[in-house]
Protein chains: 2
Amino acid sequence: MQNSFTEENYLKIIHALSGREGHEVSTNALAESTSTRAASVTDMLRKLAEKGLIHYKKYQGVRLTESGEKVAINVIRKHRLWEVFLVEKLGFGWDEVHDIAEELEHIPSDHLVERLDAFLGHPRFDPHGDPIPDAKGNLTEPDYFILTEVQIGEKVRMMGVLDHAPSFLQHLDRAGITLGCLIEIKEINEYDKSASVQINENHTLFISLEVSKNLLVQRR
Amino acid sequence: MQNSFTEENYLKIIHALSGREGHEVSTNALAESTSTRAASVTDMLRKLAEKGLIHYKKYQGVRLTESGEKVAINVIRKHRLWEVFLVEKLGFGWDEVHDIAEELEHIPSDHLVERLDAFLGHPRFDPHGDPIPDAKGNLTEPDYFILTEVQIGEKVRMMGVLDHAPSFLQHLDRAGITLGCLIEIKEINEYDKSASVQINENHTLFISLEVSKNLLVQRR
DNA sequence: AAAAAAATTTAGATTAACCTAAAAATATAT
DNA sequence: ATATATTTTTAGGTTAATCTAAATTTTTTT
Ligand SMILES: [Mn+2]
Ligand SMILES: [Mn+2]
Ligand SMILES: [Mn+2]
Ligand SMILES: [Mn+2]
């Protein structure tokens, strides 16, 4: 039997919330993320456990089984490939694609995903810098730093975002901070930890701590 | 409020069954097409009427309202555009795309459809020769002939199919009958109405009445 | 180690989309 | 014009995914 739209969303969210160590996810955390009530989550957890997609013991939180992990990663693969399509082929902005990809990720055809992947040239990262799992389900999170960890004088490359909200992405657009751009920390204000940064050895601007906290970068 | 996947399918099917004159569609015909029971159809008709998408009087069949027609045509537009995408960009065969397009047609984003349309170069016809409604909802069915109406000696162009079943399309592939190809009727067997036809002034072959009945062609 | 607080589950409803069986309306045949 | 057959609707259920309110379990605080 097939997994429903709703089931796939639960698995994807459990995957996201359980982190790289795959620790237990609580009922309340899921209620928050799915915008439902805890009681509804409990019902769904019983069903997912029944189908062998999660490990679930009452009151103890949940983890994905191997089979659940496989489903979750496939949904993530589809989400990110569709986002690449929307940005690279249809010309959407990176701030516009998430909601559409939330729908497209549930279209059920392996054949479609593999052809889409090939059409896009087997991209490794989505428009937000998130890694795309391969067809076998291997997903390797590159280990980037958060910009707040970078020292004055260091030059780093912008590789991703932690916040995917359109308003944050639009803010980056206005600041000229795009995926792959060079960032040099010129100065950090002691008072509010805001920073003066130079983008692409070019223009200089101030960014708040809030922004720094959500930028993933790579040392070179 | 938005229309559900199921509601959209009903509207699309009512559109298809009511023909170009937009005549009444019966409950049983809808039950047949939706693979549900008549009682379920009645339930849905009450709901669609409630929403102002159909004209419905008990026992009298249904017709689309203007608003229902608009929704139906938009779904058809999306279906056909996605089919073009799947064939032209992803390299699927025309026999493989219908079921995937059945899912994609319900992705709800006007922005997406318009960008997809532009990306595909505003195609006028889908891979089966069916016309694609424009962004304003204008859908003009070209008036083609059925191959059975064509006389011996006539040369016509293949413009579409009435049967969209994968098995029929694959049969045409094997016979080398593709959209746009030239067909000349060489001979018609009185006994079973099978025909000997020449494709692209090239190879000759026999086709059954069953095949002729499902080929749409244009006189030149 | 109680008591209090927080998290989670259970109980009992609701809504959309389906179902079967029975009743009612319409169409067809004698 | 009746009787018969067909079509359609109504009545009463089911399942998935949600809800609120109440009960239970776990965690935290005193
Ligand atoms: Mn996304
Ligand atoms: Mn993304
Ligand atoms: Mn189709
Ligand atoms: Mn088609």
Side-chain angles (χ1 to χ4, degrees), chain A residues 1-15 17-19 23-64 68 71-72 75 102-103 105-108, chain B residues 1-15 17-19 23-64 68 71-72 75 102-103 105-108:
Chain A
M1 46 280 6
Q2 270 262 101
N3 304 305
S4 72
F5 187 104
T6 310
E7 288 167 344
E8 286 190 349
N9 275 335
Y10 268 86
L11 296 173
K12 191 182 58 163
I13 290 171
I14 294 167
H15 177 91
L17 295 180
S18 62
H23 52 71
E24 254 83 36
V25 177
S26 75
T27 299
N28 268 353
L30 284 168
E32 166 86 42
S33 286
T34 54
S35 303
T36 61
R37 298 318 184 96
S40 310
V41 172
T42 300
D43 283 351
M44 182 56 76
L45 295 184
R46 279 181 69 268
K47 185 158 56 133
L48 293 173
E50 199 74 37
K51 292 178 91 173
L53 295 164
I54 58 172
H55 295 291
Y56 173 51
K57 265 168 296 174
K58 279 205 273 185
Y59 296 99
Q60 307 300 289
V62 282
R63 275 178 311 108
L64 294 176
V71 175
V75 175
E102 282 299 298
E103 308 277 334
E105 72 188 5
H106 302 290
I107 301 286
Chain B
M1 49 202 97
Q2 270 264 106
N3 304 305
S4 72
F5 187 104
T6 310
E7 288 167 343
E8 287 190 349
N9 276 335
Y10 269 85
L11 296 173
K12 191 182 55 165
I13 291 169
I14 293 167
H15 177 91
L17 295 181
S18 61
H23 52 71
E24 255 83 36
V25 177
S26 75
T27 299
N28 269 353
L30 283 167
E32 167 84 42
S33 284
T34 55
S35 303
T36 61
R37 299 318 185 95
S40 310
V41 172
T42 301
D43 282 351
M44 181 57 77
L45 295 184
R46 280 183 68 269
K47 185 157 58 130
L48 293 173
E50 200 74 36
K51 293 178 90 173
L53 296 164
I54 59 173
H55 295 290
Y56 173 51
K57 265 168 296 173
K58 279 205 275 185
Y59 296 99
Q60 307 302 291
V62 283
R63 276 178 310 110
L64 294 176
V71 174
V75 175
E102 282 298 300
E103 308 276 335
E105 73 188 5
H106 303 290
I107 302 286

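Quick caveat, the model's predicted, so the values are computed rather than measured. Below, read A as the first sequence line, B as the second, and so on, with proteins coming before strands; counting in each chain starts at 1.
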Exercise. Would you mind classifying the nucleic acid contact of B:Thr36 as base, sugar-phosphate or nothing, using non-hydrogen atoms under 4.0 angstrom?
Key: sugar-phosphate
Quiz item: Excluding sequence neighbours, so at least two apart, what forms side-chain contact (heavy atoms from CB on, under 4.5 Å) with A:Ala49?
Solution: A:Ile54, A:Tyr56
Quiz prompt | Whole-Å distance separating the CZ atom of A:Phe5 from the P atom of C:dA16 | solution = 18 Å
Quiz item: Side chains of A:Leu30 and A:Leu45: does their closest heavy-atom pair fall under 4.5 Å?
Solution: yes
Practice problem: Please identify each residue that fulfils side-chain contact (heavy atoms from CB on, under 4.5 Å) with A:Ser18, with sequence neighbours left out. | Solution: A:Val25
Self-check item: For B:Thr34, side chain to side chain donor-acceptor pair (under 3.5 Å) partners two or more places apart
Solution: B:Thr36
Quiz item: Between B:Arg46 and A:Thr6, who's closer to the 5' end of DNA chain D by nearest nucleotide?
Solution: B:Arg46
Practice problem: Would you please name every residue forming a ring-ring contact (aromatic ring centres under 6.0 Å, His included) with A:His15, sequence neighbours left out? | Solution: none
Under 3.5 Å, which N/O atoms of the protein pair with N/O atoms of nucleotides 11-13 of chain D?
none

Quiz prompt | Atom of B:Ala38, atom of B:Ala31 and distance for their closest heavy-atom approach | solution = N-CB, 3.7 Å
Quiz prompt | Protein-nucleotide distance (B:Gln2, atom CD; C:dA16, atom C1'), rounded to Å | solution = 16 Å
Quiz item: For A:Glu105, which residues count as a salt bridge (Lys or Arg N to Asp or Glu O under 4.0 Å) partner, sequence neighbours excluded?
Solution: A:Lys12
Exercise. Round to a whole Å and report the spacing from CG of B:Leu45 to C1' of D:dT7.
Key: 13 Å
Self-check item: Distance, rounded to the nearest Å, where B:Lys57 contributes NZ and D:dT8 contributes C1'
Solution: 16 Å
Practice problem: Quickly work out the A:Glu24 CD to D:dT27 C1' distance and round it to whole Å. | Solution: 16 Å
Self-check item: Sequence-distant partners of A:Asp43, side-chain contact (heavy atoms from CB on, under 4.5 Å), two or more places apart
Solution: none
Please tabulate, one pair per line, each protein N/O and nucleotide N/O from nucleotides 5-8 of chain C that are separated by under 3.5 Å, including the distance.
from: C:dT8; atom 1: OP2; to: A:Asn28; atom 2: N; distance (Å): 2.8

Practice problem: With sequence neighbours left out, write down each residue that passes side-chain contact (heavy atoms from CB on, under 4.5 Å) with B:Glu24, or none if nothing qualifies. | Solution: B:Arg63
Self-check item: Interatomic distance, B:Arg37 CZ vs C:dA22 C1' [rounded to whole Å]
Solution: 15 Å
